[in-house]
There are 2 protein chains.
Amino acid sequence: MLCQDRCMPSPTPARRSRRTDALSADAIIEAAITVLDAEGEEALTFRALSTALETGPGAIYNHLANKQEILAAAAHRLVVHALADVPSDPDAENGIRAVMLAFFDLFGAHPWVGTQLSREPWQAALLEMFEAIGTHLEALGVEERYQFTAASSLLNFVLGVAGQHASATRLARDLDRSAFLRDIADGWKDEATAASHPFSRRMADQLAEHDDRQQYSDGVDFILAGIAAVTAGGGL
Amino acid sequence: MLCQDRCMPSPTPARRSRRTDALSADAIIEAAITVLDAEGEEALTFRALSTALETGPGAIYNHLANKQEILAAAAHRLVVHALADVPSDPDAENGIRAVMLAFFDLFGAHPWVGTQLSREPWQAALLEMFEAIGTHLEALGVEERYQFTAASSLLNFVLGVAGQHASATRLARDLDRSAFLRDIADGWKDEATAASHPFSRRMADQLAEHDDRQQYSDGVDFILAGIAAVTAGGGL
DNA sequence: ACCTGAACACCGTTCAAGT
DNA sequence: ACCTGAACACCGTTCAAGT
């Protein structure tokens, strides 16, 4: 649909297309998400975005303060949508797992969100995540005094995963993922590395072959089991 | 020591100082750490770095491929140093806690490391962290089949914390930290926010008053308890 | 072989001039 | 009130010219 380099000569004299509908923060955020998903984080520039919106780069500033605000709003929107799509479950433990997996799937579909979430502390998107996690912990019967630490622990875990996912995607955009991990695993088997890193050497094949989503899910289970154990066992 | 804006007139005609010792990757990395610690992430430019090194920006490329490599090498060096300083402990559970706290203290002293660690996946610094965690898990008696997931969970948790720490520091560089958290907590108490986020509303005061290091330490305990529970209980 | 620093190809952001 | 797009003040990186 885009006319990248050379356009067919048009019968009427070429004229710079100009948007007819009004520009809005919503439209900008939507266009930003499209660019980010299609071409990655580094492709989102004001020039690219304003071309997609058929306007000038300056026009964007009439609706959003700066690039950071565009990214924050885009991430927030996707987090809200992802949470709205999580089916409610009468079983509290299934509920918290469903929420955590929704986050994982969101980062899979939009890896740049992972980068954005570690850019501003306690931004709107993080509040939604914290709230969703906390609500389910409450339903799970976690005592009040553990709720803050428990919710933070789950949130920090998912943020760590999100960041790694984003950077892996940034680096391995074209490469296929398993070849990329195989390369790293092979590096762990190099004599020099292996000699000083025996644990990693032993884990190399698992790094190359593991199922990311399963491992994430297992990590969530570890933390949930820990929360349950500490709560039952009478404290930290 | 730096001559920032105006220099005293010197008796001999002013001459651009030129380094006498040879430039090296090590010297560049050391200078980069100094700049990053003193002035923050955004202050590290090739121009600033080459000024600190008394050379031209192009000279740096004779020793390191690009900015990413400088940051990765700087983070790696600090992680290695931090781990070298952790005293060995005969008690395995103290050992893993000491390693995890060493990471936390590292991010406190050099917040920019948190940003860097989520920039490249499985970079050298992460390998060191993974290895250190894994070695202690082995000592703790975690079964082989759980080691990869357990080590990854702890690593992802610490990476999440590191990222948040870095972004909080970036945003609140001059502001004092407690005032910054108070502001966010107050936002959670706003009528509009509180109505749709009751859990966060309830946690607001804890956000403002909690001890970061203690909470981190409690989070580590949750995960360790979960690993112990799952291992003892016969599987995920 | 290494250093120098101007030049290049970008950025995000601003702002006078338009409608 | 909003849009336009050239201009500004930066970046990281390159490279011809020096030593």
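Note on naming: letters A, B, ... go to the chains in the order of the sequence lines (proteins, then strands), and numbering restarts at 1 for each one. FYI, side chains are in, hydrogens and waters are out, and symmetry mates aren't considered; it's all heavy atoms of this structure.
Taking every heavy atom of both residues into account, B:Ala109 and B:Asp37 meet most closely at O-OD1, 4.2 Å.
The distance between atom CG of A:Asn62 and atom P of D:dG5, rounded to the nearest whole Å, is 14 Å. To the nearest angstrom, P of C:dG5 lies 13 Å from CD1 of B:Ile60. Taking atom CG of residue B:Leu53 and atom P of nucleotide C:dG5, one finds them 14 Å apart after rounding to whole Å.
In this structure, B:Arg182 pairs ionically with B:Asp205, as a charged nitrogen and a carboxylate oxygen lie closer than 4.0 Å.
Between B:Phe157 and A:Phe157, a ring centre-to-centre spacing not shorter than 6.0 Å is recorded. Less than 6.0 angstrom separates the ring centroid of A:Trp188 from the ring centroid of B:Phe130.
Contact annotation: the side chain of A:Val220 never approaches that of A:Val158 to less than 4.5 Å [non-hydrogen atoms, C-beta and beyond].
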Practice task
Could you summarise the pairing of DNA chain D as dot-bracket text, marking Watson-Crick and G-U pairs under 3.5 Å with ( ) or [ ] inside the strand and | across strands?
Solution key: ||.|||||...|||||.||

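Ring-plane geometry between B:Phe46 and B:Tyr61 is classed as parallel, the angle between the planes falling under 30 degrees on a 0 to 90 degree scale with a further cut at 60. Below 30°, between 30° and 60°, or above 60°: for B:His110 and B:Trp112 the angle between ring planes is above 60°, a perpendicular geometry.
In this structure, A:Leu83 CG and A:Glu131 CD are separated by 10.0 Å, a value rounded to the nearest 0.5 Å.
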Completion exercise
In 5'-to-3' order, the base (B), backbone-only (S) or no-contact (-) status of each nucleotide in nucleotides 8-19 of chain C, using a 4.0 angstrom heavy-atom cut-off, is ---BBBBB----

